[in-house]
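Quick notes on the structure that follows.
Labels below follow one simple rule: chain letters A, B, ... track the order of the sequence lines, proteins then strands, and each chain is numbered from 1.
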Number of protein chains: 2
Amino acid sequence: MNIQFSKSTDYALHALLHLAHSKLHQNIGIKELSAALGVSESYLSKIMSKLRQDGIVRAVPGVNGGYELARPAEQITFLEVIQVIEGRQQLFECSNLSSQQHRLLAEDGAGESQRKSECLVKRVMDGAEQHLYQYLREHTIQSVLDEVFKQSNHAVNKK
Amino acid sequence: MNIQFSKSTDYALHALLHLAHSKLHQNIGIKELSAALGVSESYLSKIMSKLRQDGIVRAVPGVNGGYELARPAEQITFLEVIQVIEGRQQLFECSNLSSQQHRLLAEDGAGESQRKSECLVKRVMDGAEQHLYQYLREHTIQSVLDEVFKQSNHAVNKK
DNA sequence: TATATAGTGGATATTATAGGTCTATAATAA
DNA sequence: TTATTATAGACCTATAATATCCACTATATA
C-alpha cells in the first residue's frame with residue numbers, strides 16, 4: 001500500500017492555505033498554524049522548514065516572527081508542494097532484470113530497434129506520471145481559495 | 001518519499017506480460033517466471049497468488065502446472081493490476097482536524113453552504129486521482145504488446 | 001544591551017510496511 | 001504412490017513515516 005500522499009503533504013498544503021487566506025497580518029507563527037491544523041508545533045516546524053528551503057514560504061525569527069508566502073498564491077502549485085515534501089523520485093522504477101525481459105521481447109518481434117532498451121511498462125507509467133503532474137500543475141493554492149469563494153457566492157445567490 | 005509504485009507492481013506487470021507473450025504453451029511455471037524477472041520464486045509466488053485471487057490469472061498445481069491469463073490481455077488494465085497489488089486506498093486522505101479548517105474558511109467567506117464539510121484539498125487530489133486512473137484504465141497488457149510489435153515493424157520499414 | 005520570542009537542525013523513539021525467506025500442505029499428472 | 005507444482009502462513013529485516021525533544025541561532029523591542 002505504497003501509493004498514498006503522506007500526512008506531511010496534507011499538513012503542508014493546509015498550512016499554505018492558511019497563510020494565503022490570512023495574509024492581512026504579515027507573519028503567522030507556528031503556534032497559530034499548529035493549532036489550526038491540529039499538529040504538534042515541532043513536527044509542523046520541520047515541514048515549514050522544507051517549504052522555506054524551497055522558496056515557497058519566508059520565515060522570520062524573533063519576536064512577532066513567523067511565516068508568510070514567499071510568492072503569490074497563484075504561483076504555488078500543488079505539484080511543487082508535493083515534490084518538495086515527497087521528493088522528486090519517479091512514480092515508477094523498473095527493476096533492471098525486468099527491462100532485460102523487454103529487450104528479449106523486442107528481439108523476438110523483429111530485432112534491431114529498441115537500442116534504448118527502455119522498459120515498456122515504464123513508458124506507460126511515465127505517461128501516467130506526466131498526466132498526473134499536468135493536473136497538479138494546473139491547481140494552485142489560489143485556485144482552492146477561489147473555489148471557497150465560488151461556493152460562498154453560490155449559497156448567497158440561492159437565498 | 002511515499003509516492004512510488006512498489007516493486008511488487010513491477011513484478012506483477014512484467015509477469016503478466018510474460019504470460020501474455022508466450023500463451024502458446026498453456027502453463028508457465030513459477031520457475032520460468034522468476035528466472036525471466038530475476039526475482040525469487042517464493043516472493044513471486046505471493047504476487048501471483050494475489051493475481052489469482054482477483055481473477056487475473058488462473059493457476060494449476062501439480063506436474064506441468066503453472067499460470068496462464070484468466071482473461072484476454074486486452075481486458076487486463078494497468079489500473080486493475082495496480083489496485084490488486086497496491087490496494088484500493090485513495091491517493092489522499094485528509095486529516096480530520098484539517099478539514100475543520102475548511103469549514104471555517106467557508107463560513108468566513110459567506111457561511112451557509114459547505115454542509116458536506118468536504119476538504120477542498122482533498123477535492124483537488126481526488127480529481128488528480130481520477131485523471132490518473134482514467135489513463136491507467138486505457139492501458140492494458142495487450143496495448144504494451146502491441147507497442148512492441150509497432151516498434152519492430154518500424155525498424156523493419158526503415159531498413 | 002538584555003531578554004523574551006521564534007525558527008532551525010540534530011538526535012532519537014516508535015511504528016508500520018515493503019520486501020523477502022522458509023516450511024508445511026494441498027492438488028495433480030504420470 | 002511419487003514427483004511436481006501452487007498455496008498459505010509464519011517469520012525476519014531494513015527502511016521510512018510520524019513524531020518529540022533539546023540545544024542553538026537570529027531578531028525585535030524595552
How many whole angstroms separate atom CD of A:E41 from atom P of D:dC21?
11 Å
In terms of side-chain geometry, is the basic nitrogen of B:E80 or B:R71 positioned less than 4.0 Å from the acidic oxygen of its partner?
yes
Given C:dT8, C:dG20, D:dA19, which nucleotide is nearest the side-chain atoms of B:K7?
C:dG20
Assuming nearest nucleotide by heavy-atom distance, tell me which of B:G29 and A:G62 is located more 5' along DNA chain D.
B:G29
A:S42 vs A:T9, nearer the 5' end of DNA chain D by closest nucleotide:
A:T9
What pair of heavy atoms forms the shortest contact from A:L37 to A:A15, and how long is it?
CD1-N, 3.8 Å
Could you pick out which residue, B:F5 or A:M48, lies toward the 5' side of DNA chain C when each is mapped onto its nearest nucleotide?
A:M48
Nearest to the side chain of A:R52, which nucleotide is it out of C:dA30, D:dA6, C:dT8?
C:dT8
NA contact type, A:G65, heavy-atom cut-off 4.0 Å: base, sugar-phosphate, or nothing?
sugar-phosphate
Closest approach to the side chain of B:Y43, judged atom by atom: which nucleotide of C:dG20, D:dT27, C:dA29 is it?
C:dG20
Consider the side chain of B:S6, meaning its heavy atoms from C-beta on, and name the nucleotide among C:dG7, D:dA19, C:dG19 that approaches it most closely.
C:dG19
From C:dA6, C:dG19, D:dA8, nucleotide with atom closest to B:Q53 side chain:
D:dA8
Please report, rounded to the nearest Å, how far the P atom of C:dA27 is from the CG atom of B:N64.
19 Å
Separation of C:dA6 atom P from A:I28 atom CD1, nearest Å, is 13 Å
ILVMFWY network linking A:L69 to A:M48, side-chain heavy atoms under 4.5 angstrom
yes
Would B:L132 and A:H131 satisfy side chain to side chain contact (heavy atoms under 4.5 Å, CB included), going step by step from the backbone distance to the final call?
CA-CA 7 Å; B:L132 178 65; A:H131 239 68; 5.7 Å; no
Whole angstroms only, please: what is the CG-P distance between A:L51 and C:dG7?
14 Å
Most 5' of A:V63 and A:S49 on DNA chain C, judged by nearest nucleotide:
A:V63
Are B:Y135 and B:H139 an aromatic pair by the rule of ring centers under 6.0 Å?
yes
Rounded to whole Å, the CG-P distance (B:L19 to D:dA6) equals 11 Å
Provide, to the nearest angstrom, the distance between the CD atom belonging to B:E32 and the C1' atom belonging to D:dT5.
14 Å
Check: A:F92 main-chain N/O paired with A:K122 side-chain donor or acceptor under 3.5 Å
yes
Between the base of D:dT20 and the side chain of A:K46, is there any donor-acceptor pair under 3.5 Å?
yes
Side-chain N or O of B:N27 closer than 4.0 Å to phosphate OP1/OP2 of D:dT5
no
Here the distance between atom P of C:dT17 and atom CD of A:Q4, to the nearest Å, is 10 Å
Closest listed nucleotide, where the reference is the side chain of B:S40 and the choices are C:dT21, C:dG7, D:dT18
C:dT21
Send over the distance from B:Y11 OH to C:dT21 C1', rounded to a whole Å.
14 Å
